Amino acid sequence: MVLTLSEKAPVPWTRQHFGAFDRMPWDIWIAQNQVLNREIIDIFGYEIPAISLARNKFERLEKFLDGALWVLIGVCCPILLDKGLNQGWTKGLIKDFKPAFLPKPQFQKLFNHAKDAVYRPVGIPFELLDNAGFKNRFSPGSKALDTLSTYGLKSLPEKLAHKILNYKLLILWVDLLVMASKGQIYYWGKNWISEQWSGKKGFVGEFTYATDDYLKRKNAKHEQTKKTKQYLSMVIGYGAASLLPAILLGLLKSKTPTGSKTLIGTLKKMIPALNYFHVVYMSRWIILWHNFFNWNLLGMIAARDSHELRETAVKTFAADFFFFIADDIFRAGIGKVLQHQYKDKLKGMKLVKKGVLGLPAGISLHEFEEMAKKFTRQQQKDILPLSQKLVRVNFWGTAITGPLAWRSAAFSAAW
């Protein structure tokens, strides 16, 4: 997955420019859609191994519920956000700011297929809505102004930018609140279901070999503090879901420029990594924020004894490390191999750069396209199939090896 659709300046794959495909292949769609990407890897790399390693039917049910709720939220939430919020907002923005939008016939000319010309003003990247330098950002001939056409706009009045930013932050907030609710329902719900079904209290992983007296004794502290832990989990979970949009709003309203030698300037450099794909598909770095507060910490708070606490900590943090950190490092490694293998065709183009938090990362497809513009049309035609191949090789490579690495860590934690 070295080459992914740029979260910095996404462009439709059917648009008539270098790097565009007539129709996006399904595996490339998944590779650059961070929600579907994590869903696939989560199912095959976490859920199936977790269910297969379960020590009894009660633990197996708990693992199944975790995966089922995650898939349900991952599939349904983007649909509800799009149908319930984004589409209505888009119609309202076009009605209120019609001069700022490209006429439909002109917009359709940017695509190979007219039906692909979908207005997505709420999809404009966060960094283009930054208050710092906003007035000079969309000057004639600027890259930022050209990017607007991707979303169906020809200009971006300040009032329209404010509305779009508010809508984007509301989508982020609602999305995180729904995900936080999933965490609360799962962790406290599975504890209750297992207790009702088994007639036992305690960690289900120990049901196979522990006596009832041992389970009751180990679970005693949890029962005494359960109400306090439930309250604490809601404060942390819903608080974290509200905190990230608030931080992002503060950064984007600040007039401190990105990259300045201040805390705000440094934090602003990370903003492009938070952009959603197609308005409603959450960035994987936002998924990591959610995971830390509403999967890792929440799971540890809801743990019924010290053994479940240990297993939850090891499994969740191992999963996050391999899915978010080691995954990038592995992709960068593949990128370097491919960069060497195709050095003649790439003609000096680099496939690896410094990414979020200084980690090595692959360049985006958009960055690949920008660098390829210096080549002749014939050279671009030679590179076009290569860009598609690189996306697929990296996606399938990490989809297979990442889960295998995590399974080793999960097996060690369980035993």
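What you see is a predicted model, and the numbers here were worked out from it, not measured in a lab.
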Kindly compute the distance separating [atom1] ([X]) from [atom2] ([Y]), expressed to the nearest 0.5 Å.
X	Y	atom1	atom2	value
Glu127	Lys269	CD	NZ	14.0 Å
Leu102	Leu153	CG	CG	7.0 Å
Ser149	Phe101	OG	CZ	13.0 Å
Gln196	Asn191	CD	CG	11.5 Å
Leu165	Leu160	CG	CG	11.0 Å
Ile286	Met179	CD1	CE	10.0 Å

Would a 4.5 Å heavy-atom cut-off, applied to side chains only, mark [X] and [Y] as touching?
X	Y	result
Arg120	Thr90	no
Leu298	Phe293	no
Met270	Trp285	no
Leu128	Phe134	no
Leu145	Ser142	yes
His222	Asn219	yes
Asp212	Arg217	no
Leu81	Val279	no

**Asked** Hey, does the side chain of Thr211 reach the backbone of Tyr214 with a donor-acceptor pair shorter than 3.5 angstrom?
**Response**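 Yes, because the side chain of Thr211 sits within donor-acceptor range (under 3.5 Å) of the backbone of Tyr214.
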
Side chain to side chain donor-acceptor pair (under 3.5 Å) partners for [X], two or more places apart:
X	result
Ser233	Gln184, Trp188
Tyr238	Ser181
His290	none
Ser306	Lys218

For residues 245-263, please give each side-chain donor-acceptor pair under 3.5 Å, one per line with the distance, not counting sequence neighbours.
residue : atom : partner : partner atom : Å
Ser254  : OG   : Thr256  : N            : 3.1
Ser254  : OG   : Thr256  : OG1          : 3.2
Ser260  : OG   : Pro257  : O            : 3.1
Ser260  : OG   : Thr262  : OG1          : 3.1
Thr262  : OG1  : Gly265  : N            : 3.0

**Message:** Test: ring-ring contact (aromatic ring centres under 6.0 Å, His included). Region: residues 163-184. Which pairs qualify, not counting sequence neighbours?
**Reply:** Trp89-Tyr167

Selection [range] - residue pairs positive for salt bridge (Lys or Arg N to Asp or Glu O under 4.0 Å), sequence neighbours left out:
range	value
residues 286-309	Glu62-Arg304, Lys190-Glu308, Arg304-Glu308
residues 159-169	Asp96-Lys163
residues 219-237	Lys201-Glu223, Glu223-Lys226
residues 78-88	none

If you compare all heavy atoms of [X] against all heavy atoms of [Y], which two are closest, and at what distance to 0.1 Å?
X	Y	answer
Ser242	Leu177	OG-CD2, 4.4 Å
Asn275	Pro125	OD1-CA, 3.3 Å
Thr312	Gly299	CG2-C, 3.7 Å
Gly205	Glu59	CA-OE1, 3.9 Å
Ser194	Ser198	O-OG, 2.6 Å
Ala241	Leu176	O-CD1, 3.6 Å

**Message:** With a 6.0 Å cut-off on the ring centroids, do Phe207 and Phe203 count as close?
**Reply:**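 Distance test on ring centres: not under 6.0 Å, no.
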
**Prompt:** Is the Tyr151 to Tyr119 ring centre distance short of 6.0 Å?
**Reply:** no

**Request:** Sequence neighbours left out, what passes salt bridge (charged side-chain N to carboxylate O under 4.0 Å, His left out) with Lys268? Give chain and number order.
**Result:**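 Per chain and number, Lys268 pairs via salt bridge (charged side-chain N to carboxylate O under 4.0 Å, His left out) with Asp130.
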
**Residues in salt bridge (charged side-chain N to carboxylate O under 4.0 Å, His left out) contact with Lys63, at least two apart in sequence or another chain** = none

Are side-chain N/O atoms of [X] and [Y] paired as donor and acceptor at under 3.5 Å?
X	Y	value
Thr208	Asn56	yes
Asn291	Asn296	no
Tyr276	Asp175	yes
Trp295	Tyr186	no

**Request:** Step by step, work out the side-chain contact (heavy atoms from CB on, under 4.5 Å) result for Leu243 and Trp289.
**Result:** CA-CA 10 Å; Leu243 180 60; Trp289 174 279; 4.1 Å; yes

**Prompt:** So does Tyr231 have more than 12 non-hydrogen atoms from other groups sitting under 6.0 Å from OH?
**Reply:**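 No, OH of Tyr231 has 12 or fewer neighbouring heavy atoms, counting only those of other groups under 6.0 Å.
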
**Prompt:** Is there a salt bridge (charged side-chain N to carboxylate O under 4.0 Å, His left out) between Asp66 and Lys182 once you walk through the steps?
**Reply:** CA-CA 9 Å; Asp66 184 20; Lys182 175 264 177 188; 3.1 Å; yes

